[in-house]
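All chains are named by letter (A, B, ...) in the order of the sequence lines, taking the proteins before the strands, and each is independently numbered beginning at 1. Quick caveat, the model's predicted, so the values are computed rather than measured.
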Amino acid sequence: MGRKLLLEHINVPGINTFEVYREKGGYKAVEKAIKTMSTDDVIEEVKKSGLRGRGGAGFPTGMKWSFLAKPEGVPRYLVCNADESEPGTFKDRYLMTHIPHALIEGMIVASYALGANTSYIYVRGEMMPQIRILEKAIAEAKAAGFLGENILGSGYHLELYVQPGGGAYICGEETALLESLEGKRGNPRIKPPFPAIAGLYGCPTVVNNVESIATTVPIINIGGEEYAKIGVGRSTGTKLISASGNINKPGVYEIELGVTVEDFIYSDEYCGGIANGKKLKAVVAGGSSVPILPANLILNTINGEKRLMTYESLSDGGFATGTMLGSGGFVVFDEDQCIVRNTWNFSRFYHHESCGQCSPCREGTGWMEKVLHRLEYGHGKMSDIDLLVDVSKKIEGNTICPLGDAAAWPVASAIRHFRDEFEWHVTHPELAVKQNYGLAHYADPLPAPVEA
Amino acid sequence: MLRVEEKQEINFSADLLNKCGEIVGRYPEGKQKSALLPILHEVQAVYGWVSPEAMDKVAEFLDIQPIEVYEVATFYTMFFLKPQGKYVLEVCRTGPCCLVGAEKIMDYIGEKLGVKEGEVTEDGLFSYRGVECLAACGYAPVLQIGPEYTFYENLTKESVDQLIEDLKKKN
Ligand SMILES: Cc1cc2nc3c(=O)[nH]c(=O)nc-3n(C[C@H](O)[C@H](O)[C@H](O)COP(=O)(O)O)c2cc1C
Ligand code: SF4
Ligand code: FES
């Protein structure tokens with residue numbers, strides 16, 4: 001059994017209440033930080049831990065914190081990104097539902113470290129039940145003296161508020177989130193300036209994912225060095241993985257970074273294998289935005305090494321034969337799934353969610369959706385496949401925010417690894433609307449032809 | 001888009017005004033516009049949608065231009081700009097859910113209610129629509145019903161029948 005730092009007490013009845021959470025050692029990190037550590041000490045521990053942002057990009061959290069500008073007399077803000085909308089990702093919702101105090105405690109520790117006196121948790125609007133849960137947890141923590149004026153007699157004061165979004169994936173992008181929190185449309189800002197210099201209301205701001213913030217609690221409790229002993233290389237600690245699709249046991253799992261992908265999919269401790277005795281066809285390992293990989297390439301790297309659940313191992317091979325850990329949204333496809341249909345579905349998603357500011361993203365996502373739709377419904381041409389590759393290349397890198405890339409990668413990777421299935425849709429239009437292509441040769445140890 | 005369905009006489013109740021006042025208190029002096037999304041949610045919870053008249057009232061309350069409210073209300077998918085059924089069944093239609101049958105469940109709901117996506121049933125009780133990933137992919141297929149956004153997970157035809165039956169009985 002791997003070590004559990006975030007979900008250790010998940011099955012304790014009443015762990016969602018302050019009393020039980022406290023009995024299980026909750027709020028000790030706040031006491032330790034505020035009573036015995038300077039703000040720089042806290043940042044130093046987080047740096048030592050090697051924690052990398054759990055929202056998708058994997059940027060080192062301690063480093064992000066140390067970039068925060070600290071001009072005299074200007075307030076600083078911590079904003080928690082609880083917008084969780086990346087298809088395949090549902091770990092933050094799980095954590096907030098079952099152990100809300102883990103996030104509240106993390107918010108206090110992180111706000112203290114950053115010198116923020118007002119912090120916000122931006123929760124996607126559809127999570128109204130979780131918003132109520134967090135508001136209750138905040139009230140409990142405040143009643144116990146962990147929030148508000150003069151926390152634990154230290155003179156430090158902090159107010160914590162929950163902000164609902166309005167149903168827009170793009171508000172997960174940190175500058176769109178800040179716009180939204182200011183009561184505007186969620187249009188990403190052009191960077192620089194980065195939020196660390198000019199974020200919420202133009203003030204220095206740190207935006208962190210729910211899991212990143214909650215993880216600062218065990219880091220303070222056990223120490224950064226101890227935390228960094230878990231994991232492999234620069235992938236330290238534990239990570240919440242949201243597992244969905246055609247597996248026997250979908251759900252949220254806390255893994256030590258470094259378990260093999262094979263174990264994660266097939267062992268009873270985690271996904272428990274492919275459902276209904278089917279075969280594995282493909283995996284999207286880090287949320288819908290990362291490249292999809294066929295079975296052979298997700299289980300082993302191109303060099304035949306077992307792939308591990310780490311930032312480095314999953315991205316081994318770059319975009320030609322690798323993928324990314326991303327947000328840890330692990331979506332498993334069995335042999336009956338149609339790659340063309342799924343790619344169309346994802347394209348529709350990105351088209352729907354594009355904020356519309358940049359033409360490559362606004363027009364390109366719509367174009368890809370349309371072409372994929374006609375391929376899926378048997379009206380496609382062979383040239384459509386290259387057209388899709390071309391459009392995806394023209395979006396990539398040419399937009400204000402990474403949503404453009406996020407829309408391009410799934411399409412480019414699906415064609416790279418499953419081109420024959422796309423071609424079959426063109427050559428067998430009647431069959432393609434009735435049945436699926438199936439597994440074909442993807443489980444072969446031989447990699448699909450690649451173009452770097 | 002902002003065509004008026006039926007002109008609404010809007011008078012925010014004391015309750016709603018209190019709530020809005022409390023929300024504005026969460027932000028620094030002069031940043032009351034931050035209250036816009038939370039307040040629109042409160043307004044929709046009371047009226048079932050956000051009418052142009054309600055948006056004007058919100059603008060007045062926050063001391064911002066009406067256009068600032070319209071541009072926000074039209075950007076975010078959760079705000080209804082037209083009256084809806086009393087219960088809006090919002091079914092996730094994104095990839096991971098589709099791997100385990102979300103499309104079939106959505107078709108079934110349409111068949112069962114006898115309306116198209118976005119239309120309201122004759123008794124005014126139901127409408128349904130597809131929405132994007134609800135961060136519940138491990139419990140797919142899923143749907144939610146506002147204004148409290150109650151979740152219904154691992155849907156089957158039978159559980160959909162039951163849900164619709166239960167909601168009808170409440171009325
Ligand atoms: C289109 C888009 C959507 C995103 N959605 C989320 C999200 O839902 N949750 C999240 O934590 N980060 C999301 N991110 C990443 C954030 O911009 C940001 O990097 C992250 O919140 C930083 O937190 P971390 O360093 O703790 O990971 C998204 C980024 C993009 C480009
Ligand atoms: S890339 Fe797309 S989502 Fe991002 S700013 Fe441009 S149009 Fe908006
Ligand atoms: S895809 Fe349906 S909840 Fe995520």
Note to self: I'd like to verify something: which residue of V252(A), N246(A), N342(A) has the highest number of heavy-atom pairs under 4.5 Å with chain B?
What the structure shows: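 It is N246(A).
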Notebook entry, point to check: If you count heavy-atom pairs under 4.5 Å between each of R341(A), M127(A), K91(A), E353(A) and chain B, which one has the most?
Noted result: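 The residue among R341(A), M127(A), K91(A), E353(A) with the greatest pair count is R341(A).
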Note to self: Among P147(B), A35(B), P28(B), C92(B), which residue has the highest count of heavy-atom pairs closer than 4.5 Å to chain A?
What the structure shows: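 Max contact count across the listed options: P28(B).
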Check: Who wins among E90(B), Q32(B), M78(B) for the most heavy-atom pairs under 4.5 Å with chain A?
Finding: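 Top count of heavy-atom pairs under 4.5 Å with chain A: M78(B).
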Margin query: Could you check whether any side-chain N or O of E68(B) sits under 3.5 Å from a backbone N or O of G183(A), counting only pairs where one atom can act as donor and the other as acceptor?
Written below: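 Flag not set: sc E68(B) to bb G183(A) has no pair under 3.5 Å.
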Against chain B, label [X] side chain, backbone, both or neither, depending on which of its atoms sit under 4.5 Å from a heavy atom there.
X	answer
Y120(A)	side chain
T343(A)	neither
V332(A)	backbone
R185(A)	both
C338(A)	neither
Q337(A)	side chain
E84(A)	both
I131(A)	neither
Y77(A)	side chain

Is [X] atom [atom1] crowded by more than 12 heavy atoms from other residues, nucleotides or ligands, each under 6.0 Å away?
X	atom1	result
N276(A)	CG	no
K249(A)	NZ	yes
D123(B)	CG	yes
K104(B)	NZ	no

[Y] and [X], any side-chain heavy atoms less than 4.5 Å apart:
X	Y	answer
T77(B)	H352(A)	yes
Y169(A)	C133(B)	no
K31(B)	E182(A)	no

Next item on the list: Could you go through the side-chain contact (heavy atoms from CB on, under 4.5 Å) check for K33(B) and K184(A) one step at a time?
Entry: CA-CA 8 Å; K33(B) 189 174 167 181; K184(A) 302 180 205 150; 3.9 Å; yes
Check: So, are R26(B) and E159(A) salt-bridged, with charged N and O less than 4.0 Å apart?
Finding: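 Result for this pair is no, no salt bridge flagged.
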Next item on the list: Considering only NZ, NE, NH1 and NH2 on the basic side and carboxylate oxygens on the acidic side, decide whether E132(B) and R124(A) come within less than 4.0 Å.
Entry: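 A salt bridge is absent here (no side-chain N lies under 4.0 Å from a carboxylate O).
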Side chain, backbone, both or neither of [X] within contact of chain A (heavy atoms, under 4.5 Å):
X	answer
A136(B)	both
Q44(B)	neither
Y27(B)	both

Between [X] and [Y], what is the shortest heavy-atom contact and its length?
X	Y	result
M128(A)	E148(B)	CB-O, 3.5 Å
F75(B)	G186(A)	CE2-N, 3.1 Å
G95(B)	F346(A)	CA-CE2, 3.8 Å

Margin query: Which residue in the set V284(A), N345(A), T89(A), V331(A) passes side chain to side chain contact (heavy atoms under 4.5 Å, CB included) when paired with P96(B)?
Written below: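 The passing option is V331(A).
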Checklist line | C98(B) SG to W344(A) CH2 distance, which is reported to the nearest 0.5 Å | finding: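 Going from SG on C98(B) over to CH2 on W344(A), the span is 8.0 Å.
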Check: Given the side-chain rings of Y139(B) and F90(A), with only the six-membered ring counted for Trp, is the space between their centroids under 6.0 Å?
Finding: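 When the ring centroids of Y139(B) and F90(A) are compared, they turn out to be within the sub-6.0 Å range.
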